[in-house]
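Every chain is numbered from 1 and lettered A, B, ... according to where its sequence line falls, protein lines coming before strand lines. Computation of the quantities below employed the complete heavy-atom set of this structure, encompassing side-chain atoms and omitting hydrogens, waters and symmetry-equivalent molecules.
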Number of protein chains: 4
Amino acid sequence: MPRTREENERIRQMAKENISRAAIEVFIEKGYHAASIDDVARRAGISKGLLYNYFSGKADLLRELILSRIEEIVQVMKEAATKPTPVEQLMYIAEHALHNVQERPSVYRFYLHIQTHPEADEVVSTYSQLLKDEMTRQSKHQVDIFRKMGVPNPHLQSLHFSTALHGMMLMYATYPENFPLPELKVKMLSTFF
Amino acid sequence: MPRTREENERIRQMAKENISRAAIEVFIEKGYHAASIDDVARRAGISKGLLYNYFSGKADLLRELILSRIEEIVQVMKEAATKPTPVEQLMYIAEHALHNVQERPSVYRFYLHIQTHPEADEVVSTYSQLLKDEMTRQSKHQVDIFRKMGVPNPHLQSLHFSTALHGMMLMYATYPENFPLPELKVKMLSTFF
Amino acid sequence: MPRTREENERIRQMAKENISRAAIEVFIEKGYHAASIDDVARRAGISKGLLYNYFSGKADLLRELILSRIEEIVQVMKEAATKPTPVEQLMYIAEHALHNVQERPSVYRFYLHIQTHPEADEVVSTYSQLLKDEMTRQSKHQVDIFRKMGVPNPHLQSLHFSTALHGMMLMYATYPENFPLPELKVKMLSTFF
Amino acid sequence: MPRTREENERIRQMAKENISRAAIEVFIEKGYHAASIDDVARRAGISKGLLYNYFSGKADLLRELILSRIEEIVQVMKEAATKPTPVEQLMYIAEHALHNVQERPSVYRFYLHIQTHPEADEVVSTYSQLLKDEMTRQSKHQVDIFRKMGVPNPHLQSLHFSTALHGMMLMYATYPENFPLPELKVKMLSTFF
DNA sequence: AATGAATGAGGTTTCATTCAT
DNA sequence: TATGAATGAAACCTCATTCAT
């Protein structure tokens, strides 16, 4: 008797998730370029062939990871929007971003690594662009939040906020040892609110 | 009449610089991994074989580039030290960094890409560590400058300054279009001085 | 109530024919080597696994197609034998062959492709040999027909007839556009009868 | 001291010829699809890598062989054109074609195999089309020869001649044993001239 | 009878590096 | 010093076949 379609679908779903998990692990450890399909398959505990049953290639794995990342970003911004005041919304965004980089600096490093890939790498570039586009879209929302706060130049103020935030994330991800993230967070936020 | 040893050394040095220049161009365009030795040799206008006469391999090329980058950083900090006041010194550092990223964002992107390379990539990691170490050393100098300014917590203040600076550099390098670098620079510096 | 053995056999036969039909379609479109078992199964509307229930592998599919082709050839020769005179018999053979290549040049192309497969390809070679053997056998019958006509050298005459016929089939199959098959047929047949 | 450019050019030329020779041998033995790059490289006595130094892939090898074949065809037609009378020209073409297929039936088989490749195989199709185009071009010349002979319908007559010729070639290449090529040649030519 | 997940061998291709010249 | 032919390991990817369900 063959498996039912639902059963197969469940198997497929679990396999895809298993592979995606293995992929980000390996990509983080070795980098996208240096990681081989074999590495990912071995980490996932499956054969190379099966991996190709689920993903059309290495680039497709990256695409999947980037789409997940985008999903995360969208989710955070949605959650932020539920907060009652603009300040609380911005605080939520900052807290969340810093918490994430603190919990898993290597993940942030990885996406930063991808975003700084040379343009000539078409495959990476294409998918990396998706992430960039989404961040552009979200930054518009952030400008709106500043606008609601009634600050003089919301666009500039929003960019200022983002640069400060990303600066902290970048430095923490690069030098996680001895980086006084909590103190700096306080200092940074105090200059804005 | 044979060339003197000095002359030979000078010629050798120029050849190395030519290759290094070609290497960073190609690495920026294609990325370290995707760039091939052949690409670099062709760009330098020499043969693969001759390249190996000057550099022991691809990793050695990267090492040379990173050493140059370190040299640059040291140089800037030295120049900053010649300025009369701490504030002027910090302004010099900031102006220089922002000017550089504005002039050649791809160079900044490249080194950021290298610095976010995963630890598991031994070759890159080893040389990337050199850069990291140097930046740690220079950040100590920067703390000293803040200390001379007499601010309450020079260490924290220095890190705050660096995060703000690197945040701007990162964002400009990632979204060079429509990024109001001059305005943000003014805004950022005004919060510090 | 279980199906009778005959019924089962009939169902099995129909399934095999369905698969065979799909196989020749796919083989003609992609070629034997390039076609995948998956392609064939998908075309037949069944799963890969089920295909293996009916055929022992890719080579077996080819074998089946070649056996069908042989069956066709035998059939045509049998039908020809029912014609009253030798000339009518030969005319029937020629008409049939040309009609077939005109209707489905790609089928003729396919079997020609198979017949020109190199000897080293053991699998194809083995089955292709079956076809060759059958054609040799049928050509003997054709010699008999010429013998009945009372021509001087029936063997040579028969071969001459075959070369002319196959030459036309080959050229029509290779250049179906603008090939004046009817005119040539008349011209060719007029030289023989 | 590096080799001179001429020396390198000579090495390249010889290597290419060596590889081409190996390629047609292997393709004839195994067929284009079944032959692997490794097979060709091993037959040529070189490494896989070196083969890629000279040919951009398997398809490029095929292209080279087909271009050679076209060269041959053009050459034969040129030589035929030097004969004084149309009949001698046609005789030359026929003699040459039959002589070739008799000497190396496997070569004729191979190109026939390629020409009967399914259209869906884009790579083979592209190069095979070159051969087809050339044959179309040459067939125009052949029509001219018949026209000079003053026959009623030179186009049809030329096609008739070609089908007869190719029919013989096809049958000889398929059943080289016991095929009375000389006798058939005489018979066939006697019907035309 | 029926499915498609799973395997692994085998194919194509790239490229850092070596070396004869 | 200088060249580029030559190597081979390692990467990506495909697909005939098996097998648990």
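Between the CZ atom of D/Arg5 and the C1' atom of E/dT21 there is a distance of 17 Å, rounded to whole Å. Distance, B/Arg42 CZ to F/dT3 P: 14 Å, rounded to whole Å. Whole-Å rounding puts the D/Lys30 NZ to E/dG10 P distance at 11 Å. In this structure, CG of A/Leu51 is placed 18 Å from P of E/dA9, rounded to the nearest angstrom. Taking atom CZ of residue A/Arg10 and atom P of nucleotide F/dT21, one finds them 12 Å apart after rounding to whole Å. Atom CD1 in D/Ile19 sits roughly 11 Å away from atom C1' in F/dA6 (whole-Å rounding). In this structure, A/Phe55 places its CZ atom 18 Å from C1' of F/dT14, rounding to the nearest Å. One interatomic measurement links the two molecules: CG of C/Leu62 to C1' of F/dA16, which rounds to 15 Å at whole-angstrom precision.
Put simply, the side chain of B/Ile37 reaches to within 4.5 Å of the side chain of B/Leu61, judged on heavy atoms.
For the OP1/OP2 pair of E/dT14 and a distance below 4.0 Å, the side-chain nitrogens and oxygens of D/Tyr52 include no atom meeting the criterion. Taking side-chain N and O atoms only, C/Asn53 has a distance below 4.0 Å to OP1 or OP2 of E/dA1.
Applying the 3.5 Å distance criterion, the base of F/dT7 shares no donor-acceptor pair with the side chain of D/Lys48.
Looking at which nucleotide of DNA chain E each of C/Arg12 and A/Gly49 is closest to, the 5′-most match is held by C/Arg12. Along DNA chain F, the nucleotide closest to A/His33 and the one closest to C/Asp38 are compared, and the more 5′ of them pairs with A/His33. Residue whose closest nucleotide on DNA chain F sits further toward the 5' end, between A/Glu7 and C/Tyr32: C/Tyr32. Heavy-atom distances to DNA chain E give each of A/Leu50 and B/Ala35 a nearest nucleotide, and the one nearer the 5′ end belongs to A/Leu50.
Across all strands shown, F/dC19 pairs with E/dG4; the Watson-Crick or G-U wobble distances both stay below 3.5 Å.
Contacts of A/Ser47 with the nucleic acid, taken as non-hydrogen atoms under 4.0 Å apart, include base atoms. Among the atoms of the strands shown, only primed sugar atoms or phosphate atoms (P, OP1, OP2) are found under 4.0 Å from some heavy atom of B/Tyr54.
Ionic pairing of B/Arg21 and B/Glu25 is present here: one or more N-O contacts between side-chain nitrogen and carboxylate oxygen are shorter than 4.0 angstrom.
Residues A/Val26 and A/Ala35 share a closest heavy-atom pair of CG1-CB, 3.6 Å.
We find the CZ-NE2 distance between B/Arg109 and B/His113 to be 9.0 Å, quoted to the nearest 0.5 Å. If you take OH on C/Tyr54 and CG on C/Asn18, they are separated by 9.5 Å, rounding to the nearest 0.5 Å.
The listed nucleotides are F/dT21, F/dA6, F/dA16; the one nearest the side chain of A/Arg3 is F/dT21.
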